[in-house]
Structure formats: structure tokens, C-alpha cells
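Notes follow the structure.
Chain naming here is simple, since letters A, B, ... match the order of the sequence lines and numbering starts at 1 in each.
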Amino acid sequence: MVQIKDFKGFEGQVIQTQGWVTNKRSGKGLEFIVLRDGSGYAQCIVNANDVSEAIFATAKSTTQETSVKIAGKVVKDDRQEGGFELHVSQLSIIGTSPSFPISNKEHGVEFLVDKRHLWLRSKRQWAIMKIRNRIIFSINNFFQKEDFVQMDAPIFTGNAAEGTSTLFETDFYDRPAYLSQSGQLYGEAMAMAMGKIYTFGPTFRAEKSKTRRHLSEFWMIEPEMAFFDNEMNMDLIEQFIKYVVADVHENCKAEMEVLGRDTSIFDNIAAQEFPRLSYAEAVAVLKGEQKVDGKTTIETLENDLAETIATIESNKAEIIAKEKEIAAGVKKGKRNYLQNKIDGLKNQITDLEVKAKNIPKWLKSAQDFKFGSDFGGSDETVITRMYTVPVMVYNWPHEIKAFYMKRDASAPDLAKGVDVLAPEGYGEIVGGGERETNEALLIEKINEHKLPMDAFDWYLDLRKYGSVPHAGFGLGLERMVAWLCKLQHIRETIPFPRMYGRLKP
RNA sequence: UCUUCCUUAGCUCAGUUGGUUAGAGCACCUGACUGUUAAUCAGGGUGUCCUAGGUUCAAGUCCUAGAGGAAGAGCCA
């Protein structure tokens, strides 16, 4: 058996392959079967002159997603995706596929999510899953080459470490247990044993939020390093993101093309240093008090708004022109083509109108931002709009950060945390910082957050026995995938999304 | 939890001020065509108009409630 991606090594030879029929075009005496095997796509030509009547009839009877075994000759053809096609000599059906529900045309979101188990077979999903796989591979490569030890943190946890409202409760031998929201505290313990570690596991949050950036179950990478301060932490984050982006850029060119992803931003990321803003600076940028490249957020967003409105108008004009063309009478193929263009433009207009409505709201909420609070989704969008690479925001007011975040000795109201905001409107992909090593301050914080002290005795032990400065961060895998693929919604980044209101399939 | 929008054929959608027999494209089937790239061309039938009430001579269309979905907000160390 030869996989489609390996056809190029078999030019002129007769080989065997197997896969699924993803599309078919037929003529008299000719069947063009587009075969998919997970490694790639190849057109297979069944010519009635070259095969028996029975085989030709079998080929003709295949439908979308019929699985088949094929023997044929690999022939170079520059018109084909991948550059090769197969001239079929033998064909047999492995499994039939009567009326596959997902056609090669357009579908709505609800339908596709309901059919997720079949949707995964489509080309776009194939590309996303390949990229997800590469990102995971690349993350592991990076940390392994940097001498980090991969560790698995527990998924059942016995305490409500982060506040009970967003925890999934389960029954653990008649006692309540919660699904993990973070492996970090365990990672800290392991870092004291191994030096540098990273966890890579599932995370569960029972937030009742339905947005394009939230999942109830997602995967997180959490490195933790002994003897690191927040500066070193930020250096590592930048190095890490640059490594993964460059690796994906290098190895997922075909997949990015399927998605229509403009990859020029990846070159910027390799070439530029990530801006590092203190929280105070970030607020000044947000409010338009500090310019970036000679522009304020207000100027940039008002410019965006004008552009958005202009695009809406030009789209509307284009629709009218195309509708006139159809009304004047054109052939069917041309009509379909024009109609599809019109539908696409209409969808674009809907999105743009939402954007046009949102921009003034974003600006207002940026103007009204209260120093000392956390950034909302729109604030992140406004800040990152000013840059073409990820932005790091550090030195946060300690009140809005987690109890374990290290306080700044020289500025007692600040904590040494860092958030990384991805550009292109994707917002927070990394949250991290230096950890508090002072046991008394930690106890004070645990009380302040009204957390159960007895749940943290083991964690406090880490400060009792040879405590050292240490830092770490967490990266949400799905948000990284969404950003690198430039997806509208996070639900496409994971094979079977678990979100508020969605447990099936 | 709040705001706005949506629910019509297997899928994507159109359906005018309420009006008599509810439409198109795709998918599917049949036929034509020996190089198609979402092939093309001709023909073929398919409806719990989300559910329950209401207004009306008449409801896919208007009103009320509910269910499901989408976008945004809140929430998201």
C-alpha cells in the first residue's frame, strides 16, 4: 500500500492504495474519482477502455465517502494538487456510503457541529488538525531540547483552589472532587525536584460563557522553572512562541494554503522583538494617551471604522451590479458563480456591520477603562490592534491576579505577572508570572481570597523546604491553534469541542 | 444571566402590505458527453414552514409563551 503523499516516489509504477471517495466527476467512459487517505488528495481516473466492465460499473457506483481499494499507475500531471494522478487498473469497494450528509457545498454551523464526527473528514478540518498536531509536536520539541522534563499533573483535585463557581464537581468515592483547572501548583512542586518541567494536559472550566474564545475542556501547556524571575520568564515565552510559529510556518505550508491563511505575519514574528508593556503603559496605550508608531488607538480605530463602512458600501454596490447581471440573463454556471459571490459578499457585510457597530463600543469602553481592573476581551483587541506581533503585559495590580503571584518588593501594589496578547484580535494566549516565595505573604493572600487553608498545606511546604525563586506560564493550546490558523471560532481547533450546551458528539 | 438576530425540502436559503396550488440551488436518481477540477447540459420529488396557544373569512407571514441556535456583553487567576 502506498500513501498518496508518497506518490511522487512511484512515478510510472503500478501501485496499490486505499482511501475514501471525496468527490467525483464523470463522463462517458471516464470516471474521475478524487481520493482522500488522510495523507493527501489524488485524482484517480477510471477509463472504460483500460478496465473490465465490472470494475467500471463499480467505480461508477461509488458515492461520496465510499471507501475503496485501488491499483493503478502513478502519472505526473501538473494540473493536479500534489502533481500526480492515478490511472486505475483495479478497484474494489471496502465500505459503501449511502447519502453522506456533508456535501462539498456550504453548511451552517449548527449542522456541522452536530455532524462533527463526519465534518472532521473535510479538507479544512484536515488542515486544522494537521496544524494542531504540528503545534503539539513543536511544543514538545522546544521544551525537550531546552532540557525540560514533561510531567503529568493530576486531573482529579480535592480542593476548590480557584473559586467554586467555575469548577466541575464529580464524585470521588463519595467525596467531592473537581476536574483540574490548572496543573500549575503541582508543576511548582515538580520544578523543585527537576529544575525545569512542563505539563501538557486537559483543563476544565465550567464557565457559562458562549464566546468564540471559550471551551469547557481545553489543553494547556504549563512550564515551570526553578531559579527563574519574571524577566527570564518573558525571555523564555518569546523564544518559545517564536520557535513554534517558525516551525509551523516551515512545516504546514500546504495546510495554511487550504485555510487561506496569510502567513506574512509569521515573518514579522521571527524578525521583531515582542513589545513589553507594563500594565500602566498598556492602560495608557488603551486609552489613547500613549502613541504607538505615531498613532493613538482612537485614531487607528476611527480609521478602521471608516474603512469598514467603506467596504460595506463597496460590497453593496458589487452585489447590486451582480444582481443586475443575473437579471439580464446569464448561463447557469455563470449564474451560480455570481450567486455564490453575492452570498459571500452578504455574509461579509453581516460580519462587517457587527464590527462597525462594535468599534465605537470598544472605543468607549477603552476610554472608560478604570485603572486597576482587568482587561476585557475588547480591550485586548484594541491594544493588540496597534501591533503586528504578540504583546507582553507585565507588572499587574496584585488585586486582580491569582494568590500565588509574586508581589513586587519595590512596588507593593504590583504583582510580577505577565500576559501575552496575540495579535489579529485573538487576545490572551499566555498567562504567567513569578510565584510568591514568601510563606507569610502567601498565607495572607489565601485568606484574602477566602480559600480553604488546609487544602494548601502541601503547597506551603514548598516554601518551607529550600524555597527558591521560580516562575512559569500557561499557554492555551486551542487559542494558539485558532490564532495560527486565523479561525473565527475556537470550536474548530479541537476534534470534539466541549462547550456550554454541547456534549455531543 | 442580559441584548439583538435566526429556525421553511437531506443541506444552504428565498418567500412582498396576511390571500387561495410554498420556491430556487445543491445533494440524490436517470440520460448526454473520452480530460473533468465545486465539471457541464436535459429530465425526475421531496415539506410537522421549530412547538403550543391566540388574532383573523384567511397565518410560513401578525401577537404571546416555550424550545433550539448564532453574534455580542457579563464571566473567563
Contact class for [X] (heavy atom, under 4.0 Å): base, sugar-phosphate, or nothing?
| X | value |
| --- | --- |
| A/Q80 | base |
| A/R205 | base |
| A/D374 | nothing |
| A/K401 | sugar-phosphate |
| A/H489 | sugar-phosphate |

Is there a donor on the side chain of [X] or the base of [N] sitting less than 3.5 Å from an acceptor on the other?
| X | N | result |
| --- | --- | --- |
| A/N49 | B/U34 | yes |
| A/S378 | B/A73 | no |
| A/E31 | B/G35 | no |
| A/E110 | B/U7 | no |

Mind checking who [N] pairs with, Watson-Crick or G-U wobble, both distances under 3.5 Å?
| N | result |
| --- | --- |
| B/A67 | B/U7 |
| B/U12 | B/A24 |
| B/U48 | none |
| B/A73 | B/U1 |
| B/U56 | none |
| B/A39 | none |

Which nucleotide in the list B/U34, B/U36, B/A77 gets nearest to the side chain of A/N47?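 Given the options B/U34, B/U36, B/A77, the side chain of A/N47 is closest to B/U34.
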
Listed nucleotide nearest any side-chain atom of A/F111, set B/G35, B/U12, B/C33: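 Closest nucleotide among those given: B/U12.
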
Assign each of A/Q184 and A/P101 to its nearest nucleotide of RNA chain B by heavy atoms, then name whichever residue's nucleotide is nearer the 5' end.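 First, find each residue's nearest nucleotide; the 5'-ward one identifies A/P101.
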
Start at the 5' end of RNA chain B and walk down; is the nucleotide closest to A/L30 or to A/M220 reached first?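 The 5'-side residue here is A/L30.
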
Donor-acceptor contact below 3.5 Å, side chain A/D37 vs main chain A/I4: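 The answer is yes, because a donor-acceptor pair under 3.5 Å joins these two groups.
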
Treating A/D50 as the side-chain partner and A/N47 as the backbone partner, does any N or O pair qualify as donor plus acceptor under 3.5 Å?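 No; judged by distance alone, with no hydrogens or angles, the pair does not exist.
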
Is it the case that A/K416 places NZ or CZ above or below the six-membered ring of A/Y394, under 6.0 angstrom from the centre and within 45 degrees of the axis?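 Judged by the rule, A/K416 and A/Y394 form no cation-pi pair.
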
Using atom CZ of A/R213 as one end and atom P of B/C75 as the other, report the distance to the nearest whole Å.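 Going from A/R213 (CZ) to B/C75 (P), I get 11 Å.
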
Salt bridge or not for A/E31 and A/K24, using N-O below 4.0 Å?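 Answer for the salt bridge query: yes.
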
Aromatic ring pairing A/F456/A/F403, orientation class (parallel under 30°, perpendicular over 60°, tilted between):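 Answer is perpendicular, since the angle exceeds 60°.
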
